[in-house]
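Working notes, structure below.
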Amino acid sequence: MTSTCNLHKFAFTDTQDPVRFTINNRKSTKTGVKAREPGPISSVSLSPSSPAYEEFVLPPPLRRRFGTPLLSATMATVMQKIKDIEDEMARTQKNKATAHHLGLLKAKLAKLRREILTPASKGGGGAGEGFDVTKSGDARVGLVGFPSVGKSTLLNKLTGTFSEVASYEFTTLTCIPGVITYRGAKIQLLDLPGIIEGAKDGKGRGRQVISTARTCNCILIVLDAIKPITHKRLIEKELEGFGIRLNKEPPNLSFRRKDKGGINLTSTVTNTNLDLETVKAICGEYRIHNADINLRYDATADDLIDVIEGSRVYMPCIYAVNKIDQITFEELEILDKLPHYSPVSAHLEWNLDGLLEKVWEYLSLTRIYTKPKGMNPDYDDPVILSSKRRTVEDFCNRIHKDMLKQYK
């Protein structure tokens, strides 16, 4: 439930009943009415508001009683702009004649999403911070999904860590870490609270959940086998809106700014998605008027925007389809053939070994066994390195940060 104002709605972070406030920034007046009885928040809603109204922060006594607004009027205006651009993109036909226009809209959309993710903060902490969980082990895997899909049960079965399980949604309200030892490697699993549609725009605790997911080495999206398969695409959209690219490699193109000379576009292959005019329009949106761009494959406008933004995270992703004990054998065969899928039943502990095997494969870890001088190799405690970083320097830094200085 949300409290209502004379212009727009605020959602409070505590569990108090809605409170009706009168707010007028022009006269700097704020009035409040005491809540009746405490009651849970059932939903969060926001309506567009006038740009003339700034963020409203309750005085300390009322803030302790009623909480603080989650979304400001300025952010509401940005979200409305995002919706307008998305609606315009949905109405626009995709062809060569509209490629220039769509590229410009995508650039504007990326800039607005950046404002949502990293708004200017007056205090020390920035928005979009994740849960305060110490990183431990050799790799980190985040469990992401909608509420009540079995994330907590999966964590309990794999790690033995207790995470509350119940028949109602949003049982897990914070990040629960657990560690599992597999093939000599210590893998940290994070049971993240369930996200909802619109999490990338700040709904629920979506920003905290996805911010923590960005710190992981692999994402494990947990899906319910009896729910629509479209839930997969909804979660992907939320993660992509936060700059996470699943099962993708960084774009194979170079982008270099310069002081003069305009925009130069070169390509080593035939490009069907980008032309010079589209590239200039995208760069112009970022106020870049001089740059050298070299395309080494058939890149799209989204690829160019990702490179210009420079804040994208590329990581592997596994889709763990839970509750397969409630579907037919024919449906299970179809799921098993899909790429990046791993059907499991956390409650009955079906195929958990297969899931761990796939996690190990996607993490792409390398085990290095050390041999003390005059002794046999130690096969019980290997040094774990990422396959992308396994040089002698990486090995020394893994042992101790001062070891490289003493290396001869």
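Throughout, numbering of the chain's residues begins at 1 and tracks the sequence.
Legend: salt bridge (charged side-chain N to carboxylate O under 4.0 Å, His left out) pairs involving residues 137-148, not counting sequence neighbours, sorted by first then second residue: Asp138-Arg398. Counting only residues at least two apart or in different chains, ring-ring contact (aromatic ring centres under 6.0 Å, His included) contacts with residues 305-326 comprise Tyr319-Tyr341. The list of ring-ring contact (aromatic ring centres under 6.0 Å, His included) pairs with a residue in residues 272-312, not counting sequence neighbours, is empty. Under the side-chain hydrogen bond (donor to acceptor under 3.5 Å, both in side chains) criterion, the residue pairs touching residues 322-334 are Asp224-Lys323, Asp325-Ser345, Thr328-Glu331, with sequence neighbours excluded. Counting only residues at least two apart or on different chains, the salt bridge (charged side-chain N to carboxylate O under 4.0 Å, His left out) pairs with a member in residues 289-300 are Arg256-Asp292, Lys258-Asp292.
Legend: residues meeting ring pair (Phe, Tyr, Trp, His ring centres under 6.0 Å) with His101, ordered by chain and number and at least two apart, are absent. For Phe395, there are no ring pair (Phe, Tyr, Trp, His ring centres under 6.0 Å) partners, not counting sequence neighbours. By the salt bridge (Lys or Arg N to Asp or Glu O under 4.0 Å) test, Lys135 is found to be paired with no residue, residues two or more places apart in sequence or in another chain being considered. Applying the ring pair (Phe, Tyr, Trp, His ring centres under 6.0 Å) criterion to His347, with sequence neighbours excluded, gives no partner residue. Residues satisfying the salt bridge (Lys or Arg N to Asp or Glu O under 4.0 Å) criterion with Arg183, sequence neighbours excluded, are Glu357. Checked against side chain to side chain donor-acceptor pair (under 3.5 Å), Asp84 has the following partners two or more places apart in sequence or in another chain: Gln80. Shown here are the side chain to side chain donor-acceptor pair (under 3.5 Å) partners of His340, two or more places apart in sequence or in another chain: Tyr362.
Comment: Arg113 engages Glu86 in a salt bridge, judged by a side-chain N to carboxylate O separation of less than 4.0 angstrom.
Of the candidates Lys248, Arg312, Lys106, Arg312 is the only one forming a salt bridge (charged side-chain N to carboxylate O under 4.0 Å, His left out) with Asp306.
The shortest side-chain heavy-atom distance between Asn294 and Thr268 falls under the 4.5 Å cut-off.
Cys175 contributes atom SG, which lies 7.5 Å from atom CG of Asp191 (distance to the nearest 0.5 angstrom).
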